[in-house]
Each structure stands twice: as C-alpha cells, then as structure tokens.
K.L.:
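Let me begin by handing over the structure; questions about it come next.
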Protein chains: 2
Amino acid sequence: MGKQATEMLKGTLEGIVLAILSERPAYGYEITAWLRDQGFSDIAEGTIYALLVRIEQRGLVDVQKVPSDKGPPRKVYSLNAQGQEYLQEFWRTWSFLAERLERLRKGGR
Amino acid sequence: MGKQATEMLKGTLEGIVLAILSERPAYGYEITAWLRDQGFSDIAEGTIYALLVRIEQRGLVDVQKVPSDKGPPRKVYSLNAQGQEYLQEFWRTWSFLAERLERLRKGGR
DNA sequence: CCCGCTATTCAGTGTTGCTATGTACCGGTG
DNA sequence: CACCGGTACATAGCAACACTGAATAGCGGG
C-alpha cells in the first residue's frame, strides 16, 4: 500500500507480530512471508528482524536457535508471560483507537 | 494512555484530524480540546499545530484567519477537495489494517 | 561453480509525535 | 496598573519506528 500505511504501521506492527507469536512460535523469515501473504505487500525484511530484536531486548519473547536443512539456523521466537501481558495492553490501546476512529468514520460526534 | 498509544497514533492522528475537518472547519486549539475530551488525554498542543502545518503544506486544507474576542486570531482550517481524496485513501488503509488486526485478535489464521 | 532460495544483520534515512519553551491577545482581580 | 489565567499559535530538539540497501552465510540444483 502507500506511504499512509507505513506511518500507520508504526506501533501496530509490533502488536501484529506479538499476536502472531501468541498463536505459535515463529522465526523472522516465516513471519515476513506470512505478512506478505496477508496483503502487507511492502513490509521489508529488515523491518521484522529489527522489530524482533527490539521485543527480545525488552524481554517480551524467548528465543531458541533451531537448525534448518534449507539454510542457516533459524531464530525461533516465542511469547513469554511478560509478552502476553504486553499484548493484552496492546489490544486495549488498539480497541480505544479503533472505537474512536469507527465513530469518526460514521460521522458521529 | 501509555507509550503504545504514542506510536500507534503515528499516521492515524493525521487521519483523525482530517476526519474532524471533514465534518466542519476547525482551529488548532479547538481540535486539541476536543481530542482531550474524547479521551486522548495526553495529546500535546504542539503536536496538533505541527500536524496542521504539515497538512497545510501538502495542500490538503485551506486556511482562514478569524479574529477571536477571547485571544489572538484563530487559524481556521477546512478540508479541500484534495484533502477529501486523501481522507478516502486514509479510510481504505485503515480498513485494511483494522480488518487484519481484528482477524488476528480472534485467533483466526 | 555459480545461482537462487533460505535466513539473519546492520548502518543510514525520513516521518512522526512528544517535551519544553516562547510569543501574544484578552478579561478580571487585587 | 500589574498580574494572572485562559485562549491561541509556533518551534527547536528528541526518541521511536519502519524503510532502503547492502552484506553475510548456509544449502541444493543446474
């Protein structure tokens, strides 16, 4: 999509990745591919990796190195307890925003 | 709200302001007050003014200086044709994002 | 042997919202 | 009159985040 999407992704992309990880552990390449598949056509590789590093440093995920028979080893991330909590907070913030935007779209005051 | 909101606002705040202006012309101080009233408790004054300057420079709004009997003159902004178009695009991008997030929240794959 | 796919990393850039501060106009109070 | 609070706008500096582009590296096939 356009540049509007780029700016709108700030903050939400992190939540999206955490939500994905809350369903099952995953690694960067896999997540990027899945997002592209879902229509986030222009999400750059580097973006996801940088994001994963950030959430790891914040202690929201646990990491495990797993060998792959198709290339270099994968860094598999899984959401830990603190990450779950953070994700909950994310959904609260998202709901707040989405609610107000939906109200605005309908022309309500 | 927390810092999550700060990042999530990036990109959406612009759309929010444009949506407000699509209902009726308004000036910065008024918009800030309204947003605070709607629960965006920590939106800074300066943020809105900077945003208004940006969208003016991009030609999305028209400006008119209107004297006030309670203080300095107001800069009243109104959405023009180009702004309307940009707002439409914003809603499309927003729908795209909201749809996918809602799907993720429901744990759907 | 090189190419393509898998997989990760990183330096540099632009946009955005926040912080903090400054300017300025007005009316009311002491 | 001096001061203060509410109204109204502007701006310089900062932090966070996603994108660009490139580099590194392992693996298998032509």
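These values consider heavy atoms only, across backbone and side chains, with no hydrogens, waters or symmetry-generated copies. Just so we're on the same page: letters track the sequence lines, and every chain starts at 1.
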K.L.:
Which atom pair, heavy atoms only, marks the closest approach of A:Met8 to B:Thr12?
P.N.:
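Minimum heavy-atom contact is CG-CG2, 3.5 Å.
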K.L.:
Tell me the interatomic distance from A:Glu45, atom CD, to D:dC19, atom P, rounded to whole angstroms.
P.N.:
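Roughly 12 Å, once rounded to whole Å.
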K.L.:
Is A:Thr6 near enough to D:dA18 that one of its side-chain N or O atoms lies under 4.0 angstrom from OP1 or OP2?
P.N.:
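No, no such contact exists.
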K.L.:
If I take atom OH in residue B:Tyr29 and atom C1' in nucleotide D:dA10, what distance separates them, rounded to the nearest angstrom?
P.N.:
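Atom-to-atom, B:Tyr29 to D:dA10, this comes out as 15 Å.
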K.L.:
To the nearest Å, give me how far apart NZ (B:Lys65) and P (C:dC25) are.
P.N.:
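It works out to 11 Å between those atoms.
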K.L.:
Would you kindly give the CD1-to-P distance between A:Ile48 and D:dT20, to the nearest whole Å?
P.N.:
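For the pair A:Ile48 CD1 and D:dT20 P, the rounded distance is 13 Å.
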K.L.:
From the options C:dT8, D:dA16, D:dC19, select the nucleotide whose nearest atom is closest to the side chain of A:Ala44.
P.N.:
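Nearest nucleotide to the side chain: D:dC19.
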K.L.:
Do B:Tyr29 and B:Tyr49 have ring centroids that are under 6.0 Å from one another?
P.N.:
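So the answer is no for these two rings.
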K.L.:
How many whole angstroms separate atom CZ of B:Arg54 from atom C1' of C:dG17?
P.N.:
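One finds 8 Å between C1' of C:dG17 and CZ of B:Arg54, rounded.
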K.L.:
Could you state the atom-to-atom distance from CD of A:Glu7 to P of D:dC19 in whole Å?
P.N.:
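About 9 Å, once rounded to whole Å.
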K.L.:
Parallel, tilted or perpendicular, judged at 30° and 60°: which one describes the rings of B:Trp94 and A:Trp94?
P.N.:
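Ring orientation of B:Trp94 relative to A:Trp94: parallel.
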K.L.:
State whether B:Arg58 and B:Glu14 are salt-bridged, where the test is any N-O pair (Lys NZ or Arg NE/NH1/NH2 against Asp/Glu carboxylate O) under 4.0 Å.
P.N.:
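A salt bridge is present here (some side-chain N lies under 4.0 Å from a carboxylate O).
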K.L.:
Just how far, in rounded Å, is P of D:dC17 from CE of A:Met8?
P.N.:
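Spelled out: CE on A:Met8 to P on D:dC17 is 18 Å.
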K.L.:
Nearest whole angstrom, please: distance from the P of C:dT16 to the CD of B:Gln57.
P.N.:
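Whole-Å distance recorded here is 11 Å.
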K.L.:
Choosing from D:dT11, D:dA15, D:dA18, which nucleotide comes nearest the side chain of B:Ala50?
P.N.:
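My answer, after comparing the listed nucleotides, is D:dT11.
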K.L.:
Less than 3.5 Å between a donor and an acceptor, one on the side chain of A:Lys10 and one on the base of C:dT15, is that the case here?
P.N.:
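In this structure, the two groups form a donor-acceptor pair.
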K.L.:
With a 4.5 Å limit on heavy-atom distance, are the side chains of B:Leu79 and B:Leu87 in contact?
P.N.:
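SC-SC contact between B:Leu79 and B:Leu87 confirmed.
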K.L.:
Below the 4.0 Å mark, does C:dA7 have OP1 or OP2 next to a side-chain nitrogen or oxygen of A:Tyr49?
P.N.:
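Negative; the distance criterion is not met.
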K.L.:
Hey, does the side chain of A:Arg100 reach the backbone of B:Gln38 with a donor-acceptor pair shorter than 3.5 angstrom?
P.N.:
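At least one qualifying donor-acceptor pair exists.
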K.L.:
Give B:Gly28 one of three labels, base, sugar-phosphate or nothing, depending on what nucleic acid heavy atoms sit under 4.0 Å from its own.
P.N.:
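Here B:Gly28 touches the backbone only, sparing every base.
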K.L.:
If you assign A:Leu9 and A:Gly46 each to the DNA chain D nucleotide with the nearest heavy atom, which residue ends up on the more 5' nucleotide?
P.N.:
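Result of the comparison: A:Leu9.
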K.L.:
With heavy atoms under 4.0 Å as the rule, sort B:Glu14 into base, sugar-phosphate or nothing.
P.N.:
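Sugar-phosphate contact only - B:Glu14 comes under 4.0 Å of backbone atoms but never of a base.
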K.L.:
Near DNA chain D, which residues from residues 67-79 of chain A have a heavy atom under 4.0 Å away?
P.N.:
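Output list: A:Asp69, A:Lys70, A:Gly71, A:Pro72.
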K.L.:
Keeping to residues at least two apart or across chains, list the ring-ring contact (aromatic ring centres under 6.0 Å, His included) pairs with something in residues 64-90 of chain B.
P.N.:
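The answer is none; no pair qualifies.
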K.L.:
So what does A:Leu13 hit on the nucleic acid, given a heavy-atom distance under 4.0 Å: a base, only sugar-phosphate, or nothing?
P.N.:
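Since only primed, P, OP1 and OP2 atoms lie under 4.0 Å of A:Leu13, the category is sugar-phosphate.
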K.L.:
Salt bridge or not between B:Arg103 and B:Glu99? Use side-chain N to carboxylate O under 4.0 Å.
P.N.:
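Salt bridge present between B:Arg103 and B:Glu99.
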K.L.:
Nearest heavy atom decides the nucleotide; on that basis, is B:Thr12 or A:Val53 closer to the 5' end of DNA chain C?
P.N.:
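Nearest-nucleotide comparison on DNA chain C picks A:Val53.
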